[in-house]
Amino acid sequence: MATLDPGTKSVPLSITEDEAAVYDRQIRLWGLEAQQRMRNATILVVRLKGAATEAIKNIVLAGIGRLVVVDADDVAEHDLGAGFFFRDEDVGRKKVDVAKARIESLNPLVAVETVSDPSVLENDALETLLAGVDLVCVTDLDRDTLVRLNDTCRRMNKPFYAGGTYGLLGYIFCDLLQHDYIAPDRSAQKDAAKNVKVTATYTPLRTALQHRWTGMTRRQTKEVNPAIPFSVLAVWEYQATHGGALPDDAAAAAELEAIANKLISDADVNKQVLPAIPRELVETLATTAAHEMSPVCAVVGGLLAQDILKALAAREPPIANFFTFDGNLGGGTVVRMAMP
């Protein structure tokens, strides 16, 4: 297991001439100050599946300072589809042991550390781990684990991202605490455009899960394609009652449908827009949720990385706060869940 030294991040690093040459194009895009923030950032990624693989590729190429990857699993045959860090001959080996050199080859300027001991995500060890990082990204874990990790991140004042895919569906949730960023001043005259500082107040996942849709109009509800967020929430509830297992059989469709419909009713969703979860959607979800699809992982992982970089750069508004992707339509929407 890698040794994590929380003290190493206390001294800001300046971008060298060589680094400025490597990152020249993106420095021109979002500025030297934003690139400096990325250069000094340590990102923790928990669980190395398809979406995380894509996200890691993008944040490493963008030039973060240090990446810590935690995953206790061995490479399995089903990881070879969406996990492009893995090869046939890697099956049976630790994921992090296999991936480390391939991540480092993407950008030798980024320090990469890996941890295969799952106990670092528990109790005091978790707090020690979080003390040495600036932002946490957790992927493809069950709801209760996400809530627990998010709660600990809140206590440690660490921004938190969660993401994952369920067959053709995917999601990203973020809790950035009190997040300041620079945005264009919409009230300024066109010939006197300027930027202003904006502060967004985020909510933890346990609060977001209590979100009620009562105040949304029919049009607002329809625009966010509510069947997809509630499909993701239904999968989480299914896992909670099945020991963390994902649905992987057509027989699970009826249970998923009942769960989703109860969640929709409890949240007071506009019945004219979504009277019930579409049967075809849950039937597909029942047989695909346990399987990764490379295109969906690429989209969700790419958007996850993009939003992490936005949060680090503080130049644009990040997701606020629950994004879901529908691979059936090739599009996604964002719902503000219990945010002010």
Side-chain angles (χ1 to χ4, degrees), residues 45-60 67 69-103 105-106 112 114-118 121 137-146 149 161-172 228 231-232 234-253 255-256 281-305 324-328 330:
V45 176
V46 177
R47 208 162 188 222
L48 194 52
K49 290 180 71 68
T53 300
E54 183 71 24
I56 285 171
K57 180 198 71 175
N58 291 351
I59 62 175
V60 166
L67 173 72
V69 184
V70 176
D71 193 306
D73 293 340
D74 297 335
V75 180
E77 287 188 9
H78 59 75
D79 293 314
L80 303 178
F84 51 76
F85 290 142
F86 310 130
R87 309 288 183 268
D88 289 345
E89 60 270 22
D90 298 326
V91 172
R93 297 178 60 196
K94 287 292 181 187
K95 284 185 176 181
V96 291
D97 293 343
V98 171
K100 186 175 188 293
R102 290 169 185 151
I103 297 171
S105 69
L106 294 172
V112 179
T114 58
V115 182
S116 60
D117 181 358
L121 299 178
C137 175
V138 181
T139 63
D140 292 288
L141 286 176
D142 64 276
R143 180 195 63 200
D144 294 345
T145 302
L146 293 177
L149 294 176
Y161 277 87
T165 64
Y166 302 116
L168 287 168
L169 307 186
Y171 78 93
I172 298 169
I228 305 306
S231 294
V232 173
V235 170
W236 285 355
E237 182 63 26
Y238 181 95
Q239 284 184 288
T241 58
H242 289 80
L246 289 166
D248 194 19
D249 189 280
E255 184 176 353
L256 277 173
L281 178 59
V282 292
E283 287 177 348
T284 300
L285 190 61
T287 56
T288 62
H291 305 278
E292 291 188 303
M293 300 187 182
S294 295
V296 178
C297 291
V299 171
V300 174
L303 290 171
L304 180 57
T324 53
F325 177 73
D326 181 2
N328 297 286

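The residues of the chain are indexed from 1 along the displayed sequence.
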Q: Answer yes or no: is there a donor N or O on one side and an acceptor on the other, between the side chain of S116 and the main chain of V70, under 3.5 Å?
A: no
Q) Counting N and O atoms only, with roles assigned by atom type, does the side chain of E292 sit under 3.5 Å from a partner on the main chain of G50, one being a donor and the other an acceptor? A)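 It does hold such a pair.
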Flag the pair [X] / [Y] as yes when at least one side-chain heavy-atom distance between them is below 4.5 Å, and no otherwise.
{"X": "L149", "Y": "L141", "result": "yes"}
{"X": "T165", "Y": "M293", "result": "no"}
{"X": "Q239", "Y": "V235", "result": "yes"}
{"X": "R47", "Y": "T145", "result": "no"}
{"X": "V296", "Y": "L169", "result": "no"}
{"X": "D248", "Y": "H291", "result": "yes"}
{"X": "L281", "Y": "I228", "result": "yes"}

Shortest non-hydrogen contact from [X] toward [Y]:
{"X": "A55", "Y": "A305", "value": "O-CB, 3.6 Å"}
{"X": "A234", "Y": "L256", "value": "O-CD2, 3.9 Å"}
{"X": "N58", "Y": "G302", "value": "ND2-CA, 3.6 Å"}
{"X": "A290", "Y": "L246", "value": "CA-CD1, 3.8 Å"}
{"X": "C297", "Y": "E54", "value": "O-CB, 3.9 Å"}
{"X": "V300", "Y": "G170", "value": "CG2-CA, 3.9 Å"}

Q | Residue of the set D74, V98, L80 for which side chain to side chain contact (heavy atoms under 4.5 Å, CB included) holds with D90 | A | V98
Q) Going through the distances and angles, do T114 and K94 end up as a side chain to side chain contact (heavy atoms under 4.5 Å, CB included)? A) CA-CA 10 Å; T114 58; K94 287 292 181 187; over 6 Å; no
Nearest 0.5 Å, please: how far is [atom2] in [Y] from [atom1] in [X]?
{"X": "I56", "Y": "F85", "atom1": "CD1", "atom2": "CZ", "answer": "5.5 Å"}
{"X": "L48", "Y": "F86", "atom1": "CG", "atom2": "CZ", "answer": "4.0 Å"}
{"X": "E237", "Y": "E255", "atom1": "CD", "atom2": "CD", "answer": "9.0 Å"}

Q) So does E77 have more than 12 non-hydrogen atoms from other groups sitting under 6.0 Å from CD? A) no
Q. Under 30°, 30 to 60°, or over 60°: which ring-plane class applies to W236 and Y171, parallel, tilted or perpendicular?
A. perpendicular
Q | Residues in salt bridge (Lys or Arg N to Asp or Glu O under 4.0 Å) contact with D79, at least two apart in sequence or another chain | A |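 By the salt bridge (Lys or Arg N to Asp or Glu O under 4.0 Å) rule, D79 matches K95.
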